[in-house]
Amino acid sequence: MSFILWFTGLSGAGKSTLAQSVSKALRERGVTRLEVLDGDEVRTHISAGLGFSREDRRTNILRIGYVARLLARNGTVAITAAISPYTEDRDEVRAASTAPFVEVFAAASLDAVAERDVKGLYKKAFAGEITNFTGVSDPYEAPSKAEIVVDTGVETVAESTQKILRGLEALGLIAAPRATSEARP
Ligand code: ADP
């Protein structure tokens with residue numbers, strides 16, 4: 001069954017990493033039709049030219065939602081990994097989707113992502129060199145009704161990946177893996 005797996009979370013919270021690891025795990029479970037719409041990648045293609053104002057962020061999210069919907073309604077699992085900071089925009093995409101919409105909150109704290117600072121952006125944002133930076137000088141509205149929450153500030157990538165797969169199983173969107181011979185006593 002196809003669905004939209006929609007990651008949301010601060011920059012560096014692990015959205016891209018988990019989109020890739022979940023995608024790999026789903027392929028290993030036989031899901032062949034799957035696309036990842038990564039936030040950074042989308043901004044160089046369908047959202048090229050958009051900035052980080054409230055309006056441009058909204059446009060970016062609605063475009064990602066539109067493409068994800070087209071994929072999902074044609075039997076392809078769509079995994080998105082954009083910050084998507086506004087509840088209103090996420091909920092609009094959710095409401096428009098005919099395929100199941102699964103929101104995954106990558107819930108690392110600002111302290112954790114700033115400490116990690118994978119792309120060196122928080123240092124610049126705190127120094128005022130980047131404006132409108134989510135979590136520092138721009139809002140991030142944490143979801144209150146995400147189907148799956150992963151504590152990416154404390155969990156390992158493997159733990160968060162497992163949690164998401166178990167969440168999808170619990171929602172009936174993927175089958176639980178059959179026990180392999182190695183797993184049997
Ligand atoms: P985002 O796409 O949210 O901006 P990235 O996936 O680019 O974030 O970066 C997240 C970083 O955090 C990576 O370096 C990743 O290895 C690390 N990390 C540590 N623990 C986790 C976890 N549980 N889930 C995802 N990423 C994690």
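Numbering of ligands and ligand atoms starts at 1, following listing order.
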The one among S21, S16, G14, A158 that brings a heavy atom closest to atom 8 (O) of ligand 1: G14
OH (Y66) with more than 12 external heavy atoms under 6.0 Å: no
Residue pair E103 / P143: nearest heavy atoms and the distance that separates them: OE2-CB, 3.5 Å
Ligand 1 atoms in contact with S11 (distance to a heavy atom under 4.0 Å): 4 (O)
Pair T87-E141, side-chain donor/acceptor within less than 3.5 Å: yes
E159 heavy atom under 4.0 Å from ligand 1: no
F133-Y122 aromatic ring centre distance below 6.0 Å: yes
Close-contact set for ligand 1 against L10 heavy atoms, below 4.0 Å: 3 (O)
Sub-4.0 Å heavy-atom approach of A81 to ligand 1: no
Pairwise side-chain contact, F52 with D138, heavy-atom cut-off 4.5 Å (strictly under): no
V104, I79, I61, V102 screened by side-chain contact (heavy atoms from CB on, under 4.5 Å) with W6, the one that passes: I61
Atom 24 (N) of ligand 1 - nearest protein heavy atom and its distance: T152 CG2, 3.5 Å
Residue, atom name and distance, where the atom is the protein heavy atom closest to atom 4 (O) of ligand 1: G12 N, 2.7 Å
Heavy atom of the protein closest to atom 27 (C) of ligand 1 (residue, atom name, distance): V157 CG2, 3.6 Å
Which residue and heavy atom of the protein sit nearest atom 3 (O) of ligand 1, plus the separation: K15 NZ, 2.7 Å
Joint cluster assignment, V77 & L171, ILVMFWY side-chain distance < 4.5 Å: yes
Per-residue contact class, V150 against ligand 1 - non-hydrogen pairs under 4.0 Å: neither
Distance filter under 4.0 Å to V118 heavy atoms, resulting ligand 1 atoms: 9 (O), 14 (O)
Nearest protein heavy atom with distance in Å, relative to atom 11 (C) of ligand 1: R116 CD, 3.9 Å
A13 heavy atom under 4.0 Å from ligand 1: yes
Closest non-hydrogen atom pair between R116 and G12, with its separation: NH1-O, 2.8 Å
Check against side-chain contact (heavy atoms from CB on, under 4.5 Å), T152 and T17: CA-CA 10 Å; T152 51; T17 303; over 6 Å; no
Ligand-residue contact atoms, ligand 1 with K119, heavy atoms, under 4.0 Å: 4 (O), 7 (O)
Shortest protein contact, atom 5 (P) of ligand 1 (heavy atom only): T17 OG1, 3.6 Å
Distance-only polar pair, side chains of Y140 and T8, donor-acceptor under 3.5 Å: yes
